Enquirer: 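Before anything else, here's the structure in question.
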Amino acid sequence: MQDPSTLASRSPRAVILIDLDCFYAQCEHVRDPALSTTTPVGIQQKNIIVTANYAARLRGVGKLMLVHDALRACPDLAIRNGEDLTHYRAYSKQIWATLRAHFPAPCAIERLGLDEFFIDVTDAPVHPDSETGQLPGDCHAVGDLAGDDLLAVEALVSASWWAHTARHHILTECGFTTSAGIGPSKLAAKLVSSLHKPNLQTVIAPAMVAVYVAGLPFRAIPGLGSSVRKALREHFPTITDSTTVADLTTLLPTAAAWARIAGARVGPTLAALCRGIDSSLVIDTPTTPTQLSVEDAFASPTPSITDLESRLFTLLQSVLARFDTELGAPAVPKSLRVTIRTRSSGFKRTSASAPVVGGLRWRADENAVLRVARGLLRKLVAGGVGGAVDVGDVNLINVALVHFDVPSSSTAAGAAQPTLLAQWARAGPRAAVLDGGGETTGPVHDRAARARLDLNDIAARIRPDLHDDDDVLVLVEHDDAADRMAILMACPFCAASVAPWSWDVHMVAHDADDNID
DNA sequence: CTGGATGAG
DNA sequence: CATTCTCATCCAG
């Protein structure tokens, strides 16, 4: 069977990574313009400085440095507390909105953390300023662009100009400087983005990617974290911090060799990344996250379980408030999760979760939610290794709302269904889009891949349950404006074209019609 | 489905 | 080594 995502990713892409320079510190400068960029600024969370502006870095303040050490290196460090991420989230969202406005579909925009954004500009128009073939003045290059494949070079020169204008928009509309990497893949864009910073950008020639990656220290490979590093050192004691990707490739020449060290899933991926190969696509980050959590770490022991509960309730208030202000009406969290961390466990986390029966109406029944949260906490504190966790041993609590969903046919309230359907109808032709994984997000870019897609295959992927039903007609249409394949299903009752994800609610609406009759 | 491990910024 | 305060994905039970 053809794998559409593989086919789509085979065509050369043009990917930008925009990286906000020392994001938290810049947020403080933007919020308080009187704060000079020449004064060293550090952002404090508990007893560490998590990041610092460039003035502070020049004075020896590093990331995740103890406050004590930072002040010793730089006694006049201006310290801002960054434990509350609210305004950092707000700036991040503003920057995302700016990028979205200037890079509409079919350009995908994927957020990584609060301060990095991948943009796929493969299908963007050729940038007007790229016609001379020159790069923007603030754009460095890795490798000889002129010597590379002609079409790929045109795409990357244009992409470099798009990165330049994106950064210009972020600066003039939001007030933030950025660095950027431009390349034929997410991997390439990411790895060169930090070569020239702050406030500069770097493009890499496609033919140079493998060579460039080979020369990097092996820990630069994204996805190669502390666990894999530990396994590598155990198998190969000669490995040090200065071991390069090329050295590793000599030790582990095949995907199978990698799989033995890092597992069947991660291993082959790392093997490919080490050769500069990354076929992953930029995926639009959804507006609704999969979880929303608030946590607090505390150094001094909590005296009693009541005090622990008091902390828990404060966090719960905070996460509920966040839900109200940040998430749209259709989102409903289905579960509540409480996580604690103890010193004696070596700072490991343990969690417990439970369904939230009240769903949407917890404002009216907050006590019930509080009781659920307290029950989860008691379960964790009672479930310690020796039978019970010492309350004073707990040094972090996290409360999370998880598994958001839109209300569907499973919710009983019949009156609410037509309203929901009306909302989706108003949202217009945001039809399902095939990404090859059977899900309904992301474009299929490669025209040849589209031509090979088999209709039955598509139907089976999108809604295997309905595909067995002969009455359902599946339509595949090309939306020329958006340059996407839309998969729609014809409703046998009203002849409407319905997106697969709204099918169930559509049917419930018809059921409601029947009941009125 | 729940809970842990891992990795990202 | 993680340390902060998050978020996502994968996997075993």
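Because the structure is a prediction, the values reported are computed rather than measured.
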Enquirer: Between atom CG in A:Asn398 and atom P in B:dG4, what is the gap in whole Å?
Expert: 13 Å
Enquirer: Starting from P on C:dT3, measure out to CG on A:Asn47 and report it in whole angstrom.
Expert: 11 Å
Enquirer: Is any side-chain nitrogen or oxygen of A:Arg229 closer than 4.0 Å to OP1 or OP2 of B:dG7?
Expert: no
Enquirer: Quick check for you: among C:dC5, B:dG7, C:dC7, whose closest atom lies nearest to any side-chain atom of A:Ser226?
Expert: B:dG7
Enquirer: When rounded to the nearest Å, what value does the distance between C1' atoms of C:dA2 and C:dT6 take?
Expert: 16 Å
Enquirer: Are OP1 or OP2 of B:dT2 and a side-chain N or O of A:Ser351 less than 4.0 angstrom apart?
Expert: no
Enquirer: Return the value, rounded to whole Å, for the distance between atom CZ of A:Arg219 and atom C1' of B:dG7.
Expert: 13 Å
Enquirer: Is any side-chain N or O of A:Arg337 closer than 4.0 Å to OP1 or OP2 of B:dT2?
Expert: no
Enquirer: Identify all side-chain donor-acceptor contacts of residues 257-276 of chain A below 3.5 Å with residues at least two apart in sequence or on another chain.
Expert:
residue	atom	partner	partner atom	Å
A:Thr269	OG1	A:Arg265	O	3.2
A:Arg275	NH2	A:Pro253	O	3.0

Enquirer: Can you measure A:His68 atom NE2 to C:dT3 atom C1' for me and round it to whole angstrom units?
Expert: 16 Å
Enquirer: Are side-chain N/O atoms of A:Asp21 and A:Thr177 paired as donor and acceptor at under 3.5 Å?
Expert: yes
Enquirer: Any chance you could measure A:Thr122, atom OG1, to A:Arg13, atom CZ, to the nearest 0.5 Å?
Expert: 3.5 Å
Enquirer: A:Asp69 CG to C:dT3 P: how many Å, rounded?
Expert: 17 Å
Enquirer: With a 4.0 Å cut-off on N to O distance, would you call A:Arg167 and A:Asp19 a salt bridge?
Expert: no
Enquirer: Whole angstrom is fine here: how far is it from CG in A:Leu315 over to C1' in C:dC5?
Expert: 11 Å
Enquirer: Need one value for A:Thr350: base, sugar-phosphate or nothing, where a base atom within 4.0 Å counts as base even if backbone is also close, heavy atoms only.
Expert: sugar-phosphate
Enquirer: Check every atom of B:dT6, C:dC10, B:dA8 against the side chain of A:Ser227 and return the nucleotide holding the closest atom.
Expert: B:dT6
Enquirer: Of all the nucleotides listed (B:dG7, C:dT6, C:dC7), which has the minimum atom distance to the side chain of A:Arg349?
Expert: C:dT6
Enquirer: For C:dC1, does OP1 or OP2 lie under 4.0 Å from any side-chain N or O of A:Arg233?
Expert: yes
Enquirer: Among C:dC5, C:dT3, B:dA8, which nucleotide sits nearest the side chain of A:Glu295?
Expert: C:dC5
Enquirer: Within the structure shown, what part of the strands sits under 4.0 Å from A:Glu116 by heavy-atom distance: base, sugar-phosphate, or nothing?
Expert: sugar-phosphate
Enquirer: So, A:Glu116 side chain and A:Leu17 main chain: donor-acceptor pair closer than 3.5 Å or not?
Expert: no
Enquirer: What nucleic acid atoms does A:Lys230 come within less than 4.0 Å of, heavy atoms only: base, sugar-phosphate, or nothing?
Expert: nothing
Enquirer: Taking the side chain of A:Arg322 as heavy atoms from C-beta outward, which of C:dT4, B:dG3, C:dT6 is closest to it?
Expert: C:dT6
Enquirer: Nearest heavy atom decides the nucleotide; on that basis, is A:Val266 or A:Val50 closer to the 5' end of DNA chain C?
Expert: A:Val50
Enquirer: Which of these nucleotides, B:dA8, C:dT4, C:dC7, is closest to any side-chain atom of A:Gln45?
Expert: C:dT4
Enquirer: In whole angstrom, give the distance that lies between atom CZ of A:Phe347 and atom P of B:dT6.
Expert: 18 Å
Enquirer: Base, sugar-phosphate alone, or nothing: which one does A:Gln44 contact when heavy atoms must sit under 4.0 Å apart?
Expert: nothing
Enquirer: Would you check if A:Ile79 and A:Ile49 make a side-chain contact, meaning some heavy-atom pair closer than 4.5 Å?
Expert: yes
Enquirer: Return no unless some side-chain N or O of A:Lys46 is found under 4.0 Å from OP1 or OP2 of C:dT6.
Expert: no
Enquirer: Knowing that exactly one of A:His168, A:His102, A:Gln94 qualifies, which makes a side-chain contact (heavy atoms from CB on, under 4.5 Å) with A:Glu173?
Expert: A:His102
Enquirer: OP1 or OP2 of C:dT3 versus the side-chain N and O atoms of A:Arg341: is any pair under 4.0 Å?
Expert: yes
Enquirer: Mind checking A:Lys190 for me? I need base, sugar-phosphate or nothing, with any heavy atom below 4.0 Å counting as a touch.
Expert: sugar-phosphate
Enquirer: What is the distance, to the nearest angstrom, from the NZ atom on A:Lys186 to the C1' atom on B:dA8?
Expert: 11 Å
Enquirer: When we call it a touch if two heavy atoms are under 4.0 Å apart, what does A:Leu224 touch: a base, just sugar-phosphate, or nothing?
Expert: sugar-phosphate
Enquirer: If we take the P atom in both B:dG3 and C:dT4, what is their distance in whole Å?
Expert: 23 Å
Enquirer: Touch check for A:Arg111, heavy atoms < 4.0 angstrom, all strands: base, sugar-phosphate only, or nothing?
Expert: nothing
Enquirer: Taking atom types as modelled, is there a side-chain donor on A:Thr244 or A:Asp247 under 3.5 Å from an acceptor on the other?
Expert: yes
Enquirer: If you check the A:Pro355 side chain, which of C:dA8, C:dT6, B:dT2 turns out closest?
Expert: B:dT2
Enquirer: Of the candidate nucleotides C:dC10, C:dT6, B:dG3, which contains the atom at the shortest distance from the side chain of A:Arg265?
Expert: C:dC10
Enquirer: Assign A:Leu396 to base, sugar-phosphate, or nothing according to its heavy-atom contacts below 4.0 angstrom with the strands shown.
Expert: nothing
Enquirer: Nearest to the side chain of A:Leu64, which nucleotide is it out of B:dT2, C:dT3, C:dC7?
Expert: C:dT3
Enquirer: Below 4.0 angstrom from OP1 or OP2 of C:dA8, is there any side-chain N or O of A:Thr290?
Expert: yes
Enquirer: Hey, does the side chain of A:Ser293 come within less than 4.0 Å of C:dT6's phosphate (OP1/OP2), counting only N and O?
Expert: no
